[in-house]
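Naming: A, B, ... by sequence-line order, numbering from 1 per chain.
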Amino acid sequence: MIGGSNPRSRSHFFMRLSRYFLPVLKETPSDAHIVSHRLMLRAGMIRQAAAGIYSWLPLGFKVLRRLEDIVHQEQIRAGHDPMLMPTLQSADLWRESGRYDDYGEEMLRITDRHGHDMLYGPTNEELITDIFRNSVQSYKQLPLTLYHIQWKFRDERRPRFGVMRGREFFMKDGYNFDIDKAAAMHAYNRHMVSYLRTYERMGLKAIPMRADSGPIGGDDTHEFLVLADTGESEVFYDKRILDLSLGERAVDYDDWDQCAAIKQEWTTPYARTDETHDAALFDAIPEEYRMTSRGIEVGQIFYFGTKYSEPMNARVTNADGDLVPVHMGSHGIGVSRLVGAIIEASHDDNGIIWPEAVTPFKVGIVNLKQGDSEADSACEALYKELTAKGLEPLYDDREERAGGKFATMDLIGLPWRITVGPRGLKNGVVELTSRRTGESREMVPAEAIAELEAIYSEV
RNA sequence: CGGGCUAUAGCGCAGUUUGGUAGCGCGUUCGUCUGGGGGACGAGAGGUCGCAGGUUCGAAUCCUGCUAGCCCGACCA
């Protein structure tokens with residue numbers, strides 16, 4: 001975390017805009033056509049390295065890490081074990097599952113110096129199943145869910161939309177191993193609940209929709225979609241699903257009935273992508289609740305039974321002493337894609353508007369008259385106090401005019417801004433401004449800090 | 001993978017038709033004035049014109065080949 005104790009710490013040093021690497025662009029790069037891509041480039045979050053491949057600059061990297069942290073926390077809360085698998089894999093396991101040929105051109109194939117066929121992993125079912133089968137022999141070691149958050153690569157024919165459809169992407173993928181279908185369905189439900197909680201924590205409304213299983217295969221699958229005009233999928237849903245919220249309710253992830261009930265709650269209202277859309281069912285909804293819009297897919301959960309455990313011989317001994325293939329499922333959250341999706345869902349003409357839970361800095365300090373001793377010292381005091389309280393400020397201490405500082409703050413989207421200028425300081429006040437509403441209130445610095453503490457204690 | 005297009009300074013672009021030694025805006029550096037929504041003035045720095053070959057006295061410009069990237073479609077977390 002951010003420590004206020006050591007004023008020379010790197011985090012302290014680089015939270016001053018004069019020393020922070022934030023290459024913002026005034027003009028829109030011509031290659032970017034959708035709003036999140038444009039804003040991520042303009043806000044200095046990413047830099048394109050090749051088609052569909054991006055470097056994450058400090059500001060973008062901070063957001064990516066925040067999302068990763070939330071995903072980890074919610075996975076661990078649900079009882080899943082974090083681990084890390086490599087990006088490069090041997091082709092051998094993929095030949096065993098039969099997917100080496102099935103996957104086609106989307107898989108990036110590499111040959112090492114020994115002539116061995118390698119690949120940059122697009123997903124990890126084979127690898128995890130291999131790990132599992134070598135170490136688990138008994139039903140007593142189940143249930144088990146392993147996951148990791150790692151870079152993947154899919155050699156898209158046509159990457160586009162910035163990080164929303166890159167070739168390289170950062171993704172959480174998890175795999176559950178259960179003794180039978182009933183247990184695996186609990187894992188499925190548990191994942192649905194934990195995903196709902198994950199997205200809610202990020203300040204997003206992600207709707208689970210019945211979906212197609214695609215190349216992963218399997219029977220049961222839901223996609224989670226964030227509504228946004230620029231979404232790649234057309235979606236049909238019952239408006240009432242938007243009213244559902246997990247909120248503060250306590251969830252026991254080991255409670256099969258509770259998880260099943262929550263899944264039931266979220267899958268009862270109609271919600272489907274165009275792939276699985278059923279016009280007859282949709283038309284049965286009262287017209288006032290019938291909604292059509294576009295959505296960005298930010299996650300998917302699958303139950304695929306023994307699709308991999310059979311061919312790869314991942315079996316355990318059950319209570320009767322019989323050797324049976326384990327029932328599996330997999331689940332993914334597109335972490336890097338979420339950065340774009342959040343921006344698509346939360347921005348205005350001036351720039352990004354970060355939800356408090358994922359913002360790269362919690363508050364921006366704008367010094368309207370750099371070099372004015374009163375303004376400078378008021379800003380320094382605020383900066384130290386906010387830093388000490390873990391309210392991670394970004395202090396714009398550049399020799400810039402007010403307009404430029406405001407424009408930068410609006411562009412990078414910090415949800416709160418404290419504006420400090422000689423005019424207000426005459427009366428001992430600063431301004432606290434909400435990026436989302438634009439509402440601005442004058443108050444003494446201590447009150448602004450207290451307000452921010454209250455706001456952030458809730459996220 | 002089909003169709004279309006682009007490549008000139010960090011970013012956005014003009015110059016290519018008609019070959020003559022590279023320009024504008026923003027940004028950037030220095031100075032002065034300014035100071036509550038991208039300010040003004042002055043002085044600078046910055047480019048193998050995507051790469052290779054060819055034509056020519058001379059190529060950003062014409063020709064050939066290559067590479068990279070973008071858009072529409074089909075496809076996809």
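Interface residues of residues 165-178 of chain A facing RNA chain B, ordered by number: Arg165(A), Gly166(A), Phe169(A); criterion, heavy-atom separation under 4.0 Å. Heavy-atom distances under 4.0 Å link RNA chain B to no residue of residues 190-200 of chain A.
Residues in residues 418-445 of chain A take part in no ring pair (Phe, Tyr, Trp, His ring centres under 6.0 Å) pair, two or more places apart or across chains. Residue pairs meeting the salt bridge (Lys or Arg N to Asp or Glu O under 4.0 Å) criterion with at least one partner in residues 227-241 of chain A, sequence neighbours excluded, are Glu232(A)-Arg337(A), Asp238(A)-Arg240(A).
One C1' atom belongs to C13(B), the other to G53(B), and the distance between them is 29 Å to the nearest Å.
With sequence neighbours left out, the side chain to side chain donor-acceptor pair (under 3.5 Å) criterion links Glu200(A) to no other residue. Applying the ring-ring contact (aromatic ring centres under 6.0 Å, His included) criterion to Tyr270(A), with sequence neighbours excluded, gives His277(A), Phe282(A). Annotation: side chain to side chain donor-acceptor pair (under 3.5 Å) contacts of Arg158(A) (sequence neighbours excluded): none. Every residue meeting the salt bridge (Lys or Arg N to Asp or Glu O under 4.0 Å) condition with Arg95(A), not counting sequence neighbours, appears here in chain and number order: Asp92(A), Asp117(A). Evaluation of the side chain to side chain donor-acceptor pair (under 3.5 Å) rule for Tyr395(A) yields Asn367(A), Gln370(A) as partners, not counting sequence neighbours. By the ring-ring contact (aromatic ring centres under 6.0 Å, His included) test, His72(A) is found to be paired with Tyr147(A), residues two or more places apart in sequence or in another chain being considered. For Ser194(A), the side chain to side chain donor-acceptor pair (under 3.5 Å) test picks out no residue, with sequence neighbours left out.
Side-chain atoms of Glu385(A) and Thr387(A) include no donor-acceptor pair closer than 3.5 Å.
Proximity of Gln48(A) to the phosphate of C70(B): a side-chain N or O atom is located under 4.0 Å from OP1 or OP2.
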Under 4.0 Å protein heavy-atom contact, by nucleotide of nucleotides 33-46 of chain B - B base, S sugar-phosphate only: -BBBBBB-------
